[in-house]
Amino acid sequence: MAFLFKRNPKTPGEVVRLLNEQVAKIDTTNDRRKDEAARYLKQMKLILHGDDETDPVPDQIAQLAQEIYQTDTLFVLVDHLGSLDFDSRKDVVTLFSSLLRRQIGSRAPTVDYLLSKPKILLLLLKGPENPEIGLVCGQILRHCIKFEGITRFVLQERCVWNCFQYCQLSTFELATDASNILYDLLTVHKKPASEFLTQNYQYVTLHLNRLIQLTNYVTKRQSVRLLSALILERQNHFFLNKYVDDPNNLKVVMLLLSDKSKNVQIEGFDIFKVFVAKPKKEKAILDVLIKNKENFIKFFENFVIERSSGNLTLIEERDYILSEIKNLPDIERRSSVPLVSQEADEQVYGTDP
Amino acid sequence: MNSQSPRDLFLLHECVGKGNFGDVYRATEKSTNRIVAVKIVDLDESDEDINILIQEVQFLSQLKSPYITGYFNTYIQDVSMWISMEYCGGGSCADLLKCHRKLDETAVAYITRDVLRGLEYLHLQQKVHRDVKAANILLTANGGVKLADFGVSGQLSYTQVKRDTFVGTPFWMAPEVILRKAGYNEKADIWSLGITVIELAKGVPPHVGGEPMKVLFQIPSMPAPLLEDDPHGTAYSDLIKDFIKYCLVKNPAKRPSTTTLLRHKYFRSILRKYTLVPLIQQKDRWLAKNSKISKSKRPRLSLDYDPTPLNPIDWRLTENCQSGSTPNSGGVSPLTPKTSGGTSPCTSTPPQKDENRKEDHSCSLSLDGNVILACLNRVASRAKTEETKVSVLELGRVLHSYESRQPGLCEAIAEEICLYVHKHREFL
């Protein structure tokens with residue numbers, strides 16, 4: 001093993017210090033520091049993961065992590081992500097993911113560290129604003145929000161709302177990535193997600209409805225998928241109740257049913273059925289349903305489901321919804337007990353938070 | 001997302017290939033006037049979760065290597081996705097084989113080295129290609145070698161160390177991929193590369209005449225294939241044989257990595273000024289002469305063209321292996337049960353259309369005009385006795401060997417049948 005020490009004489013602490021030095025002085029005119037930084041990042045990867053010939057040593061990993069926390073290396077790296085070379089950026093992603101997974105007892109020291117230095121997470125959230133590094137930031141962020149504490153933190157930040165804007169970016173990778181991040185934020189950790197949805201019902205639906213009505217097929221599919229997941233999650237009952245009482249939402253979903261894409265229709269149906277199946281409907285909802293009764297009957301009688309998997313339940317559901325619609329009165333009628341309106345308690349926002 | 005319509009951004013030329021998930025066109029990007037390859041994927045047709053396709057694109061956009069086809073951009077037009085990529089004007093290595101039958105050892109070494117470099121890059125990032133074969137090695141007009149078609153390539157993460165899905169093409173499949181015992185990792189690509197080296201040097205991969213199902217069982221149980229000297233022809237050097245032996249180690253843990261293989265003596269003989277350009281140009285002239293092909297609906301051979309008609313059978317096998325067996329699709333014949341994209345009357349009744357929609361979709365993508373072979377295969381599956389079946393399969397095998405000598409033969413026969421049927425209908 002002696003040759004290894006010759007090849008790699010630096011301690012983890014030294015590697016981190018040297019990396020910080022090089023990255024801080026990187027400039028565009030000279031590739032030397034970029035190459036040096038790339039080399040040190042590779043050495044860190046070797047310490048963390050070993051290679052064909054060597055196994056990682058826990059002691060060295062601990063030293064490395066300690067030095068990284070103490071010198072704010074993660075911030076330095078994210079801050080200079082755009083100046084690192086293409087493949088080094090991916091090494092930064094790996095570095096984050098390995099450090100995040102490190103546990104001491106029940107503690108995840110990197111999670112604690114990131115929460116104590118919010119500027120790193122905030123930089124990552126703004127990643128898509130720089131197309132060159134947007135996707136890499138997104139990948140790092142996704143590793144971070146696997147942890148409930150970080151999801152909770154991110155959901156409390158104002159700039160989380162930017163994600164809805166990023167979903168409409170012109171770069172395909174960035175837009176779809178933003179959409180996936182939103183999905184993870186709002187579905188993986190049920191508790192913080194449901195609290196967020198309760199506090200921000202109005203805004204979330206406003207943004208989602210807007211995304212769903214865009215002409216871009218992928219944006220539409222991704223936002224419908226997110227909406228579906230939010231509604232069908234048991235923890236989100238407050239959100240669900242508010243959602244299905246709003247005739248505006250119903251109208252958006254009806255547009256999905258008449259979309260030319262079969263997949264959008266089926267996904268729209270998954271949401272539509274919730275409006276119809278709710279036992280005590282708001283008057284406004286009933287009005288819309290009754291007004292369109294004939295249309296619905298015509299539509300569902302021709303609503304052919306040909307997807308190979310799981311279409312049995314889908315067909316049953318369709319038939320159930322059809323029978324429910326047929327049972328609707330033909331003339332307008334008052335719903336028995338209108339739900340208590342909670343609108344007065346709602347905080348009313350301007351256009352964008 | 002993008003408000004610009006890709007229809008305005010690109011001028012589409014001929015279809016140059018049918019890859020996983022979609023057709024590939026040669027196109028001019030209007031703003032830059034550069035020639036690119038555009039892959040068009042119908043998102044609404046695909047039963048595949050749209051997120052899988054999105055992941056593919058995000059993964060592609062994170063690759064930058066001279067040995068891997070470059071990714072430019074993705075646009076959405078209605079329900080289709082347009083992916084623009086680097087155009088490889090030299091066709092694929094499978095194209096080269098069509099013209100040259102087999103390649104000399106220097107060419108093989110040159111191609112293999114660059115493919116290894118591409119794989120080294122992929123493996124460094126915990127990516128497995130999963131479908132290495134001559135048809136997926138593309139060439140640029142000036143002789144660059146590029147690994148292509150990541151349609152099914154997977155991503156490994158440090159936590160999930162082994163893939164556990166069944167993808168690839170039977171003849172090129174590593175034993176551990178077939179056995180699916182403990183999943184597999186990037187070493188599966190090394191095996192496929194070894195098979196590809198045999199394919200390039202001999203013209204066909206090992207077991208090529210055999211029945212795919214049988215071969216699938218044989219690969220794990222038989223000793224690894226070797227490159228053997230042709231009794232009436234080529235004698236291969238010890239270096240290439242040795243290199244192949246290293247790639248085809250049955251135990252993946254003992255199979256060397258890309259980096260180790262790149263140090264093999266086999267590559268030392270490659271001269272710095274060596275170029276594939278003459279081979280590519282010869283092939284282009286050969287293709288131009290072969291008017292049957294250039295006049296056909298495919299203006300040139302597809303990027304994905306495979307000299308054996310057995311190419312996409314993996315989809316069916318996947319299904320069969322998982323769900324026991326369906327008698328008709330059993331994959332017991334050496335001919336691909338392809339269904340066609342509407343070029344012949346046989347295609348109006350693709351087998352088990354609803355049951356196997358995805359499979360049929362992928363099969364039709366790489367039909368490559370082998371309607372006749374597909375029909376023969378269907379005839380074989382209808383055979384009542386084993387003897388009939390064997391005869392039909394034998395006929396297919398003979399036809400196939402003529403097809404590879406006279407490309408376009410099957411297509412011509414199919415055309416004649418079409419004409420005949422149409423004429424016949426008029427009489428009725």
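By convention in this document, chain letters (A, B, ...) are assigned in the order of the sequence lines, proteins followed by strands, and residues within each chain are numbered from 1.
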From A:Thr171 atom OG1 to B:Tyr75 atom OH, the distance as rounded to the nearest 0.5 Å = 9.0 Å

Report, as yes or no, whether the 6.0 Å neighbourhood of atom CZ on B:Arg7 holds more than 12 heavy atoms from other residues, nucleotides or ligands.
-> no

A:Lys126, NZ atom: more than 12 neighbouring heavy atoms under 6.0 Å = no

Check each atom of A:Asn180 against the heavy atoms of chain B and say whether the ones under 4.5 Å are side chain, backbone, both or neither.
-> side chain

Distance, nearest 0.5 Å, that separates CD of A:Glu267 from CD1 of B:Ile50 = 8.0 Å

Interface moiety of B:Ser257 toward chain A, non-hydrogen atoms closer than 4.5 Å = side chain

Flag for B:Gln62-A:Lys90: side-chain donor and acceptor within less than 3.5 Å | no

Euclidean distance, B:Asp78 CG relative to A:Ser261 OG, rounded to 0.5 Å | 10.5 Å

Side chain proximity check, A:Gln222 to B:Asn51, heavy atoms < 4.5 angstrom = yes

To the nearest 0.5 Å, how far apart are CD in B:Gln126 and OG1 in A:Thr94?
-> 6.0 Å

With a 4.5 Å limit on heavy-atom distance, are the side chains of A:Glu173 and B:Tyr71 in contact?
-> yes

Say you draw a straight line from CG of B:Leu124 to CG of A:Asp91; how long is it, rounded to the nearest 0.5 Å?
-> 8.5 Å

Kindly check if the number of other-residue, nucleotide or ligand heavy atoms within 6.0 Å of CZ (A:Phe299) is above 12?
-> yes

Would you check if there is a donor-acceptor pair between the side chains of A:Thr176 and B:Gln58 at a distance under 3.5 Å?
-> yes

Answer yes or no: is there a side-chain heavy-atom contact under 4.5 Å between B:Met81 and A:Phe172?
-> yes

Is the shortest distance from a Lys or Arg side-chain nitrogen in B:Asp44 or A:Lys260 to a carboxylate oxygen in the other one below 4.0 Å?
-> no

Where does A:Arg89 contact chain B at under 4.5 Å (heavy atoms): side chain, backbone, both or neither?
-> neither

